[in-house]
Number of protein chains: 2
Amino acid sequence: MVRTTNYVKLPRAMLKPSLSKKSAPSKLGLVDVLAQAAFTTMAILNKLAAENDLSLTQLRVAGILRDRRLRMLELADYLGLEKSTMTGLVDRAEKRGLMRRAPNPDDGRAIDVFLTKEGLKLAERLQGQFQDAIAPLTTKLKASDQNLLQELLERLLASD
Amino acid sequence: MVRTTNYVKLPRAMLKPSLSKKSAPSKLGLVDVLAQAAFTTMAILNKLAAENDLSLTQLRVAGILRDRRLRMLELADYLGLEKSTMTGLVDRAEKRGLMRRAPNPDDGRAIDVFLTKEGLKLAERLQGQFQDAIAPLTTKLKASDQNLLQELLERLLASD
DNA sequence: TATTGTTATACTCTATAACTATA
DNA sequence: TATAGTTATAGAGTATAACAATA
């Protein structure tokens with residue numbers, strides 16, 4: 001059973017560029033640009049999800065489960081969602097043949113979730129599509145600047 | 001009438017860091033990092049919205065209308081949403097005293113939307129809270145690197 | 001006729017609370 | 001008793017389609 005809805009319309013503008021007070025401190029600028037980059041990237045991911053008849057959350061799940069098998073609760077924690085929310089999410093993905101449930105062998109209460117072969121293929125296709133979709137942005141920078149940007153963002157995101 | 005729900009639970013992990021094939025081309029790395037940065041930023045924005053009893057969309061609307069008055073359809077285009085979706089969105093915001101509707105003086109079919117004084121105050125508070133929330137990330141970089149990052153992202157996002 | 005906005009309807013995502021089964 | 005997952009219920013966000021009012 002295939003869903004036919006295609007829940008996305010692309011925004012004309014992502015976010016207001018900035019307050020741009022004349023002599024605003026430059027710290028404010030970076031914050032704005034980060035937000036704008038986030039909205040732009042999310043719009044791409046959203047479009048990608050819609051084109052594949054997925055919600056953004058389902059897209060994330062596909063990415064997360066690409067190389068792991070997780071319990072329902074672990075998956076919920078990864079996503080920052082309640083366990084009850086997972087039930088419906090996994091139900092729908094299972095109905096579409098993308099994921100499957102199986103009892104956890106070590107804990108009779110727990111249920112493992114994992115991608116089917118079809119789900120895995122989709123996840124890999126999505127990875128490639130995302131790269132293609134974002135390439136028009138990244139290729140505006142020359143290779144050395146791409147590396148620089150990557151390095152700066154990695155430091156920004158470093159968890160310690 | 002104040003909503004009491006607080007629709008957010010923070011994720012333990014934002015997104016799988018990478019496929020990390022041993023000798024993957026470095027282009028793949030930047031794409032992954034951009035996605036991760038987007039999810040991290042969106043998680044912050046989402047939390048901020050939830051703490052103020054707003055959805056992410058309402059948070060965006062607050063930002064967009066901070067210095068403009070728009071017709072329903074213009075607002076829909078900004079957000080990438082259908083006009084029918086706006087009706088409910090504006091209804092709810094209006095009920096909370098954050099926005100108001102008024103007939104457009106130039107076109108009898110059109111309805112303008114704008115923030116109330118209370119909505120404006122909220123929008124400004126949100127701006128400050130977002131800066132505070134994201135500061136722990138940005139301050140990991142020294143000032144010159146912050147400027148560099150901002151410049152690189154600006155080039156990435158430049159629309160031409 | 002074409003455009004703007006609303007209404008009706010339906011589905012997904014999300015949460016809280018109560019429940020069942022297992023530890 | 002505590003934990004894992006499901007079910008029931010409810011509200012928000014989203015879309016499509018049909019409609020009323022205005023251009």
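Letters A, B, ... are given to chains in the order of the sequence lines, protein chains preceding strands, and every chain is numbered from 1.
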**Q** Is R92(A) near enough to dC11(C) that one of its side-chain N or O atoms lies under 4.0 angstrom from OP1 or OP2?
**A** no

**Q** Do D145(A) and R155(B) sit within salt-bridge range, that is, some charged N less than 4.0 Å from a carboxylate O?
**A** yes

**Q** What are the atom names and distances for every N/O pair under 3.5 Å that joins the protein to nucleotides 21-23 of chain D?
**A**
from: dA23(D); atom 1: OP1; to: G108(B); atom 2: N; distance (Å): 2.8
from: dA23(D); atom 1: O4'; to: R109(B); atom 2: NE; distance (Å): 3.4

**Q** What's the CG-P distance between N46(B) and dT14(C), to the nearest Å?
**A** 9 Å

**Q** Write down the distance between CG (L70(B)) and C1' (dG5(C)), rounded to a whole number of angstrom.
**A** 15 Å

**Q** Does T85(B) put a side-chain nitrogen or oxygen below 4.0 Å from OP1 or OP2 of dT14(D)?
**A** no

**Q** When you get a sec, tell me which of dT6(D), dT16(C), dC13(C) is the closest nucleotide to the side chain of E82(A)?
**A** dT16(C)

**Q** Can you identify which nucleotide, out of dC13(C), dA4(D), dT4(C), has its nearest atom closest to the S55(A) side chain?
**A** dC13(C)

**Q** So, does Q58(A) get its side chain near the phosphate of dC13(C), meaning an N or O under 4.0 Å from OP1 or OP2?
**A** yes

**Q** Where does DNA chain D pair, written as one dot-bracket string 5' to 3', with Watson-Crick or G-U pairs under 3.5 Å, ( ) inside the strand, [ ] for crossing pairs and | for another strand?
**A** |||||||||||||||||||||||

**Q** Under a plain distance cut-off of 3.5 Å, with no hydrogens placed, do R92(A) and Q58(A) share a side-chain donor-acceptor pair?
**A** no

**Q** Can you find a side chain N or O atom of R101(B) that sits less than 4.0 Å from OP1 or OP2 on dT4(C)?
**A** no

**Q** Which of the following nucleotides, dC13(C), dT6(C), dG5(D), is nearest to the side chain of T57(A)?
**A** dC13(C)

**Q** In the structure I gave you, are the side-chain heavy atoms of T57(B) and L81(B) within less than 4.5 Å of one another anywhere?
**A** yes

**Q** I'd like to know if S84(A) reaches the base of dT14(C) with its side chain such that a donor and an acceptor end up less than 3.5 angstrom apart.
**A** no

**Q** Can you check the K83(A) NZ to dA2(D) P distance for me, whole Å?
**A** 14 Å

**Q** Are any non-hydrogen side-chain atoms of V61(B) and V113(B) less than 4.5 angstrom apart?
**A** no

**Q** How long is the line joining CD1 of I111(A) and C1' of dA21(C), in whole Å?
**A** 11 Å

**Q** Suppose the criterion is salt bridge (Lys or Arg N to Asp or Glu O under 4.0 Å): which pairs have a residue in residues 99-110 of chain B, not counting sequence neighbours?
**A** R71(B)-D107(B), D91(B)-R101(B), E94(B)-R101(B), D107(B)-R109(B)

**Q** Measure the distance from NZ on K47(B) to C1' on dA15(C) and round it to the nearest whole Å.
**A** 18 Å

**Q** Which nucleotide, dT7(C), dT4(C), dA4(D), lies nearest any side-chain atom of L73(A)?
**A** dA4(D)

**Q** Atom CZ of R71(A) and atom P of dA23(C): how far apart are they, to the nearest Å?
**A** 11 Å

**Q** Please report the distance, rounded to the nearest Å, between CG in D77(A) and C1' in dT14(C).
**A** 16 Å

**Q** Is it possible for you to say whether L73(B) and Y78(B) belong to one hydrophobic cluster, with membership spreading through side-chain heavy-atom contacts below 4.5 Å?
**A** no

**Q** Could you tell me whether D77(A) and K83(A) have a side-chain N and a carboxylate O separated by less than 4.0 Å?
**A** no

**Q** In this structure, which one of L115(B), L59(B), L79(B) forms a side-chain contact (heavy atoms from CB on, under 4.5 Å) with I64(B)?
**A** L79(B)

**Q** Answer yes or no: is there a donor N or O on one side and an acceptor on the other, between the side chain of T41(B) and the main chain of A35(A), under 3.5 Å?
**A** no

**Q** Please give, in whole Å, the distance from dT14(C) P to L89(A) CG?
**A** 7 Å

**Q** Report yes or no: do Q129(B) and N52(B) form a side-chain donor-acceptor pair below 3.5 Å?
**A** yes

